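Pasting a structure here, questions to come.
Everything numeric here is computed off the predicted structure, so don't read it as measured data.
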Amino acid sequence: MESNAVLATLQPNYNILSPSRFYSSSSSAATTFLSVFYPQRTRFSPPQYLKLDKQVLASASCRYAHEVKSPFKDAAVLSDSYSSEASELADIEWDNLGFGLLPTDYMYMMKCSQGGNFSKGELQRFGNIELNPSAGVLNYGQGLFEGLKAYRKEDGNILLFRPEENALRMRQGAERMCMPAPTVDQFVEAVKETVLANKRWVPPPGKGSLYIRPLLMGSGAVLGLAPAPEYTFLIYVSPVGNYFKEGVAPINLIVEHELHRATPGGTGGVKTIGNYAAVLKAQSAAKAKGYSDVLYLDCVHKKYLEEVSSCNIFVVKGDVISTPAIKGTILPGITRKSIIDVARSQGFQVEERFVPVDELLDADEVFCTGTAVVVSPVGSITYKGKRVSYGVDGFGAVAQQLYSVLTRLQMGLIDDKMDWTVELS
């Protein structure tokens, strides 16, 4: 099946083998085992969410010995070992997942030179990467990222949600940032391989999702301001729960009218890494005051809604749902796009237009959308000292309806009439 195809491309990287998988504080075998992989690192703190017994450690040691003698050459033997590993869920507390990084087993990487094309990439053990201090991404911010999720169905198969849309958005962003990008097929296949290699980290149904983070960056050294001579495409994953600490409870936003996240002609409409560093100041100040996040206005008129730090925003009045139009300063969210289609299929009128901040004052509901948050109800918005509330009991009726349809589709609980999901087994 597909997992065997993944194995054929798997390359060992013994220097970055994740320590989270093999640990036993009382075993001398563990000390010997780790000293082989980490000759200059004799102590580390194991992640508290992982458990390991002596039987697992012994199995890991045997697998290590086999790989040293003949790394990944015996496809049949390794396929059986890999399939067994991938079929068992990781031993973590699935009910307590937040939105933070949990180290998994494998990541995917491929490279190309400026003006060239990406060649076939490969899976590697998850771990640190090496960059020249003069890398374009470090010095000039030449980097993009994407975010998408994988869900586990009741039958154990995995569903990806619209990965080709992420591929297309990365290609559009790469053109703006003077970077080569993987083809849509390369992107989607790399996502599939990475998810299958980390299948045991996909949460059980209803317990969360596997967040997938593709990165595209200028990894080549460049001193003067110019496109980097080399580029790296990388994917890593992590199991996640809710993005906001409130979970699915209403979040509280404050409108920022002095600082801005994007300007016309800038990069607000592409998912470049710099967009997110720019919101940290206002976001940190808002959270210090007890707010969940910041809602930004346009920088020209300072009265039209744009987006939250990492989410798109929707305003509900009756049967009409309004959201700021994509005009170069707002990220074209894939969840945003999906919610618009779902809402129209449910009989709502959806308007993409300039939305004045004053419309928040008499809105019936307000909600945010994004890959990380999916659909998040807004409980209140504060603007120039005035607080407007939209309810305290959870989702409004419209947001709840749209959330239910979208998440049930993402998890394979209803028929995918939109043809949005990709199933892996």
**Q.** Set of side chain to side chain donor-acceptor pair (under 3.5 Å) partners for Arg169, sequence neighbours left out
**A.**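 Once residues adjacent in sequence are excluded, the partners of Arg169 under the side chain to side chain donor-acceptor pair (under 3.5 Å) criterion are Glu146.
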
Taking Tyr390 for its side chain and Leu360 for its backbone only, find out whether a donor-acceptor pair lies under 3.5 Å. yes

Quick check: do Pro182 and Cys112 have side-chain heavy atoms less than 4.5 Å from each other?
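Not touching, per the 4.5 Å side-chain cut-off.
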
**Prompt:** Hey, are the side chains of Ile381 and Ile254 touching, using non-hydrogen atoms and a 4.5 Å cut-off?
**Reply:**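 No, side chains not in contact.
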
**Asked** Heavy-atom distance under 4.5 Å between the side chains of His260 and Thr329, does that happen here?
**Response**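 SC-SC contact between His260 and Thr329 ruled out.
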
Problem set entry | Result of checking Phe314, Phe367, Phe395 against Tyr403 for ring-ring contact (aromatic ring centres under 6.0 Å, His included) |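 The residue from Phe314, Phe367, Phe395 that satisfies ring-ring contact (aromatic ring centres under 6.0 Å, His included) with Tyr403 turns out to be Phe395.
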
(request) Under the side chain to side chain contact (heavy atoms under 4.5 Å, CB included) rule, what do Leu101 and Arg213 come out as? Steps first, then yes or no, please. (result) CA-CA 11 Å; Leu101 178 67; Arg213 173 57 59 84; over 6 Å; no

For residues 252-271, the salt bridge (Lys or Arg N to Asp or Glu O under 4.0 Å) pairs (sequence neighbours left out) are Arg261-Glu307

The side chain to side chain donor-acceptor pair (under 3.5 Å) partners of Thr421 (sequence neighbours excluded) come to Asp416

Answer yes or no: is there a donor N or O on one side and an acceptor on the other, between the side chain of Ser238 and the main chain of Leu102, under 3.5 Å?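 Yes; judged by distance alone, with no hydrogens or angles, the pair exists.
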
Residues passing the side chain to side chain donor-acceptor pair (under 3.5 Å) test with Asp95, sequence neighbours excluded, are Lys207

Between Leu144 and Ala174 the two heavy atoms that sit nearest each other are CD1-N, 3.2 Å

Original post:
With a 3.5 Å cut-off and no angle check, do the side chains of Asn252 and Thr382 form a donor-acceptor pair?
Top reply: no

Original post:
Would Lys199 and Arg152 satisfy side chain to side chain contact (heavy atoms under 4.5 Å, CB included), going step by step from the backbone distance to the final call?
Top reply: CA-CA 9 Å; Lys199 188 174 182 179; Arg152 186 181 297 275; 4.3 Å; yes

So, does Glu365 use its side chain to make a donor-acceptor pair with the main chain of Val398 at under 3.5 Å?
yes

Report yes if the side chains of Leu148 and Pro214 come closer than 4.5 Å at any heavy-atom pair, otherwise no.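 A side-chain contact exists here, since the closest heavy-atom pair is under 4.5 Å.
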
Main chain of Pro133, side chain of Asn139: is a donor-acceptor contact present, judged purely on distance under 3.5 Å?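 The answer is yes, because a donor-acceptor pair under 3.5 Å joins these two groups.
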
CG of Leu406 to CD of Gln401, rounded to nearest 0.5 Å, is 12.5 Å

In terms of heavy-atom contacts, Ala228 and Val222 come closest through CA-CG1, 4.2 Å

Show the numbers, then the answer: is there a side-chain hydrogen bond (donor to acceptor under 3.5 Å, both in side chains) between Tyr296 and Glu306? CA-CA 6 Å; Tyr296 290 90; Glu306 291 225 318; over 6 Å; no

Exercise for the section: Flag yes if more than 12 heavy atoms outside Lys337 fall under 6.0 Å of its NZ atom; otherwise flag no. Expected result: no

Calculate, to the nearest 0.5 Å, the distance between atoms CG and CE belonging to Asn198 and Met107 respectively.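 Separation between the atoms: 11.0 Å.
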
In short, Gly269 meets Leu331 closest at the heavy-atom pair O-CD1, 3.9 Å

Among Ile339, Thr369, Leu168, Asn166, which one satisfies side-chain contact (heavy atoms from CB on, under 4.5 Å) with Ile334?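 It is Asn166, the one option of Ile339, Thr369, Leu168, Asn166 that forms the side-chain contact (heavy atoms from CB on, under 4.5 Å) with Ile334.
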
Where the side chain of Gln186 meets the backbone of Phe118, is there a donor-acceptor pair that is under 3.5 Å apart? yes

Side chain of Gln142, backbone of Cys178: donor and acceptor closer than 3.5 Å?
yes

### Message
Could you measure the distance from the CD1 atom of Ile158 to the OG atom of Ser209? Nearest 0.5 Å is fine.
### Response
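With rounding to 0.5 Å, CD1 (Ile158) is 11.0 Å from OG (Ser209).
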
Inspect the contact between Arg200 and Asp105 and indicate whether a charged nitrogen and a carboxylate oxygen are less than 4.0 angstrom apart. yes

Exercise. Could you tell me whether the side chain of Leu305 reaches within less than 4.5 Å of the side chain of Val315, counting heavy atoms only?
Key: yes

Counting only heavy atoms not in Asn117, do more than 12 sit closer than 6.0 Å to its CG atom? no

For the rings on Phe145 and Tyr276, is their centre-to-centre separation under 6.0 Å?
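Judged by ring-centre distance (under 6.0 Å), Phe145 and Tyr276 do meet the cut-off.
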
Please determine whether a side-chain nitrogen of the Lys or Arg among Arg336 and Glu352 lies less than 4.0 Å from a carboxylate oxygen of the Asp or Glu. yes

Discussion item. Show, in sequence, the C-alpha distance, side-chain angles and deciding distance for Phe354 and Lys327, and conclude whether the side chain to side chain contact (heavy atoms under 4.5 Å, CB included) test is met.
Written reply: CA-CA 10 Å; Phe354 290 100; Lys327 60 186 189 302; 3.4 Å; yes

- Provide the closest heavy-atom pair for Ser219 versus Thr232 in the form atom of the first, atom of the second, distance.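 In this case the closest contact between Ser219 and Thr232 is OG-OG1, 2.7 Å.
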
Check your understanding: So, are Asp415 and Lys417 salt-bridged, with charged N and O less than 4.0 Å apart?
Key ->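 No.
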
Handout entry: Steps toward side chain to side chain contact (heavy atoms under 4.5 Å, CB included) verdict (Met177, Leu216)
Key = CA-CA 11 Å; Met177 300 295 289; Leu216 180 63; over 6 Å; no

Could you tell me the separation between the CH2 atom of Trp201 and the CD1 atom of Ile92, rounded to the nearest 0.5 Å?
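With rounding to 0.5 Å, CH2 (Trp201) is 6.0 Å from CD1 (Ile92).
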
key: Polar side-chain atom of Thr371 near backbone of Gly147 as donor-acceptor pair, under 3.5 Å   =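 Yes, because the side chain of Thr371 sits within donor-acceptor range (under 3.5 Å) of the backbone of Gly147.
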
**Prompt:** How far apart are the closest heavy atoms of Pro103 and Phe126, and which atoms are they?
**Reply:**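 Closest pair (atom of Pro103, atom of Phe126, distance): CB-CE2, 4.1 Å.
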
Next on the checklist: I want to check something: taking the side chain as every heavy atom from C-beta on, are Val240 and Leu97 in contact at a cut-off of under 4.5 Å?
Outcome noted: no

Problem - For the student: nearest non-hydrogen atoms of Ile330 and Asn312, plus distance - result: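 Result for this residue pair: CG2-ND2, 3.6 Å.
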
*asked:* Between Thr323 and Ile313 (side chain of the first, backbone of the second, donor and acceptor by atom type, cut-off under 3.5 Å), is there such a pair?
replied: yes

Query raised in the report: Is there a side-chain contact between Glu154 and Met411, using heavy atoms and a 4.5 Å cut-off?
Result: no

### Task
Enter the distance from Trp94:CH2 to Leu89:CG here, rounded to the nearest 0.5 Å.
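If we round to the nearest 0.5 Å, Trp94:CH2 and Leu89:CG are 5.5 Å apart.
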
| field | Contact check, side chains of Leu424 and Leu160, non-hydrogen atoms, under 4.5 Å | value |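 Counting from C-beta outward, Leu424 and Leu160 do come under 4.5 Å.
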
In short, ring-ring contact (aromatic ring centres under 6.0 Å, His included) pairs touching residues 176-200 with sequence neighbours left out are Phe187-Phe233

**Message:** Using 0.5 Å steps for rounding, measure from the CD1 atom of Ile340 to the OG atom of Ser345.
**Reply:**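 The OG atom of Ser345 is 12.0 Å from CD1 of Ile340, to the nearest 0.5 Å.
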
- Would you check if the side chain of Lys149 reaches a backbone N or O of Ala372 as a donor-acceptor pair within less than 3.5 Å?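 At least one qualifying donor-acceptor pair exists.
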
Arg162 side chain vs Thr335 backbone, donor-acceptor pair below 3.5 Å: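 Judged by distance alone, no pair lies under 3.5 Å.
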
- Query: Is there a ring-ring contact (aromatic ring centres under 6.0 Å, His included) between Phe99 and Tyr211 once you walk through the steps?
  - Reply: CA-CA 9 Å; Phe99 199 90; Tyr211 188 84; 5.3 Å; yes

Table please: side-chain donor-acceptor pairs of residues 279-288 below 3.5 Å, with sequence neighbours left out.
{"from": "Gln283", "atom 1": "NE2", "to": "Asp293", "atom 2": "OD1", "distance (Å)": "3.3"}
{"from": "Gln283", "atom 1": "NE2", "to": "Asp293", "atom 2": "OD2", "distance (Å)": "3.4"}
{"from": "Ser284", "atom 1": "OG", "to": "Leu280", "atom 2": "O", "distance (Å)": "2.8"}

